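Just so you know, these numbers use all the heavy atoms, side chains as well, and skip hydrogens, waters and symmetry mates. If you're wondering where the values come from, they're calculated on a predicted model, not measured in any experiment.
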Amino acid sequence: MNTTTVAGYLLTRLNQAGVRTVFGVPGDYNLPLLDAVGAAKPTMAWAGTATEQGAGYAADSYARLRGLGAMITTFGVGELSAINAIAGAYAESVPVVHIVGTPALRARQGYLTLHHNLPDNDFGHFARMAAEVTAAQASLRPETAPAEIDRVLGVALATSRPVYLAIPADVATMTVPAPAGPLAAAGQGAAPGMVAGFAAHASRVLRTARSASLLIGHLAARFGVTAELGELAAAGQLPVAVLSPAKGDFPEASPLFAGLYAGVASAKRARIAVEEPDVLITAGVALADLVTPGAELPPDDRRIDLAPGRACVAGVAYPGLTLRQSVAALLTAARATRPERLALDAAPEPVTVPAPHPASRLTQPLLWSAVQDFLRPGDVVIADQGTAFYSATGLTLPDGARLMGQPMWASPGWALPATLGATFAAWDRRVVLIIGDGAMQQAAAELGTLLAQGLAPVIIVVNNGGYTTERAIAGPSAAYHDIPAWDWTALASAIGKGRPSVSLRAVNAGQLDDALAAAALGTGDLVLIEAVLPAQDVPLLPRDLTRRLAA
């Protein structure tokens, strides 16, 4: 019988699930785990981050691109520093494996309080906290470790949620049988009879509908069905709208693309597609105040809703169906019963904006027009919460490009560490980060990690002197929206001593064009562009959203 260690078993299973990089921060209780990662080269790499929260955000974006992410922290102080990131992964349905090195079993036998713990001998405080923001948990012991690892990782893959594994320092090196066979996701989906019942009901509804359309949410990508939804749209000639977290999950050059649906802030074409068909098919949709304010979706009796673990037709639930099962069944139905094409407004013609004078002061419209011209097919665009993300949803993404944000959890500072994870996950794609100055300050330490790893994203720091989105909600001139002034063009050289980078500053249109042209050269160095904007300059979509939040 082949054997390995508990840590080796876990790393093998992670590798089978597509994980090639593990993020985290060392601590005395997790050092045996880190030794195992080091021994697993070249199949597994360690990316040490400045903070545990940064590691969690990096693992989050890595998982969005590769299907699973992993991070390692130490007991107590480390894992609690990461819990905001794990909660964000739970809110956004991202499968991150949080691996925690805990005190050795033999060290727990005495009556001394161990460091990083609360003043008692209860070693389950933090696991109980983690249970609130993870889908499965386990504290490993050698006799059950293989089965528990498979169970917990299977839940992560089946539910697209974060999970928690506590590994005592001495257990990490104990011997267990090596993995036998591939890792399987938990659950098998609904029985054939349930699928057939759903398919028949959906066919009847589509057969009597004069028009139908499709609305795609972020869970479609999390569960890997975006390509199948493209087939569904083509088979039924269905207009397709997307929610902001699903921006880029349907080709925007397609004649079926109806645009971004953002509730009352939507363009007319998208509102018609979502609010006026006889039947609206929603796939992987989660409604939220920052995603669909004032949404007016058709009532249940005019909807077919496809969600992880269930499907509904006209208010009748079909439990147990996976998204893949329900999309496949609906595809067959759509091919057999194509409804009439919903008449939409014509797609808006591209707006031709006269080139600004190079000396024109930089504004939000000028910034985003320049970013639009800068994008190229296949880019991964990451935008932090606030004016950056909501303005980025107005971009027209080139073929294969993708927008990543965190509007469900909406934690400022997510995007910089997420850029780290995305760059590791997609070495062959250009990563472009747009981040506000306030969010950048919250996570700036991970700029040092990017530089230390030799990574070369393009970073645009929107310097508008503080939290502009919050200014738009209330107290536009209140001092609490202000942040300390930083010398952004000096930051990369100061924080990444000896590491090559390019830093540029743009206060007018000509300087921004020159900076983006320099970034487009792709010299292999990190490029940081400081874009200086007025503090009160709020783009249209963020302005609409903040008005509703203020109300």
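- By the side chain to side chain contact (heavy atoms under 4.5 Å, CB included) test, Arg429 is found to be paired with Leu65, Val380, Arg402, Ala426, residues two or more places apart in sequence or in another chain being considered.
- Side-chain contact annotation: Arg108 with Thr102, donor-acceptor N/O pair under 3.5 Å present.
- Among residues two or more places apart in sequence or in another chain, the side chain to side chain contact (heavy atoms under 4.5 Å, CB included) test is passed with Asn84 by Gln53, Tyr57, Trp409, Ser411.
- Taking CZ of Arg151 as the start and CG of Leu165 as the end, the distance is 8.5 Å to the nearest 0.5 Å.
- There is a side-chain donor-acceptor pair under 3.5 Å between Thr282 and Asp305.
- When every heavy atom of Pro26 is checked against every heavy atom of Leu34, the shortest pair comes out as CB-CD1, 3.5 Å.
- With sequence neighbours excluded, the residues forming a side chain to side chain contact (heavy atoms under 4.5 Å, CB included) with Pro407 are Glu92, Ser244, Pro245, Val291, Gln385, Phe389, Tyr390, listed by chain and number.
- To the nearest 0.5 angstrom, Leu11 atom CG is 8.0 Å from Leu33 atom CG.
- Separating the CG atom in Leu416 from the CG atom in Leu450 is a distance of 5.5 Å, to the nearest 0.5 Å.
- Side-chain contact annotation: Thr74 with His116, donor-acceptor N/O pair under 3.5 Å absent.
- A salt bridge (charged side-chain N to carboxylate O under 4.0 Å, His left out) check over residues 403-426, counting only residues at least two apart or in different chains, returns nothing.
- Applying the side chain to side chain donor-acceptor pair (under 3.5 Å) test to pairs two or more places apart or on separate chains, none has a residue in residues 39-49.
- The side chain to side chain donor-acceptor pair (under 3.5 Å) pairs that include a residue from residues 173-184 number zero, where partners must be two or more places apart or lie in different chains.
- By the side chain to side chain donor-acceptor pair (under 3.5 Å) test, Asp28 pairs with His115, sequence neighbours left out.
- The ring pair (Phe, Tyr, Trp, His ring centres under 6.0 Å) search around Phe424 returns Phe23, Trp427, not counting sequence neighbours.
- Rounding to the nearest 0.5 Å gives a distance of 9.0 Å between CD of Glu252 and CG of Leu403.
- Judged as a salt bridge (charged side-chain N to carboxylate O under 4.0 Å, His left out), not a single pair has a partner in residues 130-146 (not counting sequence neighbours).
- With sequence neighbours left out, Asp122 forms a side chain to side chain contact (heavy atoms under 4.5 Å, CB included) with Asp120, His125, Arg128.
- Applying the salt bridge (charged side-chain N to carboxylate O under 4.0 Å, His left out) test to residues at least two apart or on different chains, none of the pairs has a partner in residues 184-200.
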Throw together a table of side-chain donor-acceptor distances under 3.5 angstrom for residues 316-328, partners on residues two or more places apart or in other chains.
unit_1 : atom_1 : unit_2 : atom_2 : d
Tyr318 : OH     : His201 : ND1    : 2.8
Thr322 : OG1    : Gln325 : N      : 3.0
Arg324 : NH1    : Glu228 : OE2    : 2.7
Arg324 : NH2    : Gly224 : O      : 2.7
Gln325 : OE1    : Ala190 : N      : 3.0
Gln325 : OE1    : Thr322 : N      : 3.0
Gln325 : NE2    : Ala190 : O      : 3.1
Ser326 : OG     : Thr322 : O      : 3.3
Ser326 : OG     : Leu323 : O      : 3.2

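- Here the side chain of Arg66 pairs a donor or acceptor atom with the backbone of Gly18 at under 3.5 angstrom.
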